[in-house]
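Only one structure is covered here, and it is reproduced in the block below.
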Amino acid sequence: ATLTRVLSQNPNSVQGRLAIAQAYAAAKDLKSAINTLQEIIEDEPRVASALAQYQEDAGLLMDAAASYTLALAVRPGDRDLKIRRIAVLLEAKEYARAAGFAGDARKQHPTEPVFPRLQGRALFDSGDRSGGISVLEAAVKQFPKDTATMFALADVYADAGRAPDAERMLRQLLAAEPANANALNYLGYLLATRGEQLDEAIRLVRRALDAEPDNGAYLDSLGWAHFRR
């Protein structure tokens, strides 16, 4: 209420609108938060990144992507804004657009492994499975210590039905990062699904649960491994 009075006296205040939008969002009123910033977005594109976040939280994914694009016109080198735009497009299943933006970002940020990870996933989900896998395989070679890229490649291998390759990549990841709970769980679940090395599968998932004992996905994997055994 106080911020509303401030804004009524200073209707063009960017700081005031950002503050009241934040207050609306904290009160779970995302519609009002969005409307507050949309009223000035054409004249004040500086609020676009905040608007995009509220739109994303409200599930308005295509609106969020458009707002992230406006924000990038103001801050064209902002790595995080590029990641967020690609992520909302992936969530919206706009895979071709996501792959295109990720490819552009790879050229602009050649030392950042996050962009080939995103591009590879987007290409794969768009139907270009071989292209997505090729991008991720090249990224693993370019960034051999980046375990997130190894995990992404293992994931697409599994989705492509290439379980032995997924297992190989997960073991490579765990050799570099033995306590990676996500990889421990994934490998344990993969082995259980294949009905192979079930004692090892149980040990792997239990190690993941040592790190996150209340993780529902890990508990599910452990139950599945016991069932298969």
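What's counted below: heavy atoms across the whole structure, side chains too, no hydrogens, waters or symmetry copies.
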Is there side-chain contact between D146 and R117, with at least one heavy-atom pair below 4.5 Å?
yes
Taking it one step at a time, do V47 and V14 satisfy side-chain contact (heavy atoms from CB on, under 4.5 Å)?
CA-CA 7 Å; V47 306; V14 172; 3.7 Å; yes
Quick check: do D128 and Y95 have side-chain heavy atoms less than 4.5 Å from each other?
no
Between L51 and L61, is there a shared hydrophobic cluster once you connect ILVMFWY residues whose side-chain heavy atoms come closer than 4.5 Å?
no
Report whether Y24 and L18 are members of the same hydrophobic cluster (ILVMFWY, side-chain heavy atoms less than 4.5 Å apart, transitive linking).
no
Kindly work out whether a path of hydrophobic side-chain contacts (I/L/V/M/F/W/Y, heavy atoms less than 4.5 Å apart) joins V140 to L136.
yes
Would you call D165 and R168 a salt bridge, using N to O less than 4.0 angstrom?
yes
Between A163 and L190 the two heavy atoms that sit nearest each other are O-CD2, 3.8 Å
Evaluate the side-chain proximity of L209 to V205: yes if any heavy-atom separation is below 4.5 Å, no if none is.
yes
Side-chain ion pair, D155 and R121, N-O less than 4.0 Å:
yes
R75 vs S49, test: side-chain contact (heavy atoms from CB on, under 4.5 Å). Steps then yes/no.
CA-CA 10 Å; R75 306 203 306 267; S49 60; 4.0 Å; yes
Tell me if the CD atom of E44 is crowded by more than 12 foreign heavy atoms within 6.0 Å.
yes
Do the ring planes of Y189 and W224 sit parallel (below 30°), tilted (30 to 60°) or perpendicular (above 60°)?
tilted
Which distance, rounded to the nearest 0.5 Å, do you find between the OG1 of T69 and the NZ of K82?
12.0 Å
L81 side, atom CG; S67 side, atom OG - distance, nearest 0.5 Å
11.0 Å
Any side-chain heavy-atom pair from E137 and Y157 closer than 4.5 angstrom?
yes
Ion pair E177/R171, N-O distance below 4.0 Å
no
What is the distance from atom OG of S221 to atom CD1 of I202, rounded to the nearest 0.5 Å?
11.5 Å
Do L70 and L72 land in one hydrophobic cluster if side-chain heavy atoms of ILVMFWY residues count as linked below 4.5 Å?
no
Here the pair of heavy atoms bringing A183 nearest to L173 is CB-CD2, 3.7 Å
Let me confirm one number: the CD1-CG distance from I133 to L123, rounded to the nearest 0.5 Å.
11.0 Å
Side-chain contact test, heavy atoms from C-beta onward, threshold under 4.5 Å: evaluate it for L187 versus L174 and give yes or no.
yes
Can a donor-acceptor pair be found, under 3.5 Å and without considering hydrogens, that links the side chain of R17 to the backbone of L37?
no
Might you work through the side chain to side chain donor-acceptor pair (under 3.5 Å) test for S32 and D29, ending with a clear yes or no?
CA-CA 6 Å; S32 294; D29 185 357; 2.7 Å; yes
Could you tell me if D210 and Y218 have a donor-acceptor pair between their side chains, going purely by distance under 3.5 Å?
no
Rounded distance (nearest 0.5 Å) linking atom CG of L204 with atom CG of N185:
9.5 Å
Show the numbers, then the answer: is there a side-chain contact (heavy atoms from CB on, under 4.5 Å) between R162 and V156?
CA-CA 8 Å; R162 295 171 56 175; V156 296; over 6 Å; no
With heavy-atom distances below 4.5 Å as the criterion, would you say the side chains of P116 and F143 are in contact?
yes
More than 12 non-hydrogen atoms from neighbouring residues, nucleotides or ligands closer than 6.0 Å to CZ on R129, yes or no?
yes
Would you sort out whether Q53 and D57 count as a side chain to side chain donor-acceptor pair (under 3.5 Å), showing the intermediate values?
CA-CA 6 Å; Q53 185 62 65; D57 292 343; 3.1 Å; yes
For E212 versus A181, what's the shortest heavy-atom pair and its separation?
OE2-CB, 4.0 Å
Is the closest basic N to carboxylate O distance between E167 and R194 below 4.0 Å?
yes
Would you please test Y54 and Q38 for side chain to side chain donor-acceptor pair (under 3.5 Å) and show each step?
CA-CA 11 Å; Y54 297 136; Q38 280 182 328; over 6 Å; no
Would you say the side-chain atoms of D220 pair up with the backbone N or O of G216, donor to acceptor, closer than 3.5 Å?
no
Check the hydrophobic clustering (I, L, V, M, F, W, Y; side-chain heavy atoms under 4.5 Å; chains of links allowed) and say if L60 and L30 are grouped together.
yes
Shortest non-hydrogen separation from A154 to Y186 and the atoms involved:
O-OH, 4.3 Å
What one should report as the nearest heavy-atom pair of A225 and A192 is CA-CB, 3.7 Å
Tell me, please, which residues at least two apart from E94 pass side chain to side chain contact (heavy atoms under 4.5 Å, CB included).
M62, L89, A92, R97
Kindly determine whether F115 and I86 satisfy side-chain contact (heavy atoms from CB on, under 4.5 Å), including the steps that lead there.
CA-CA 9 Å; F115 294 115; I86 296 164; 4.0 Å; yes
To the closest 0.5 Å, what do you measure between CD (Q108) and CZ (F101)?
10.5 Å
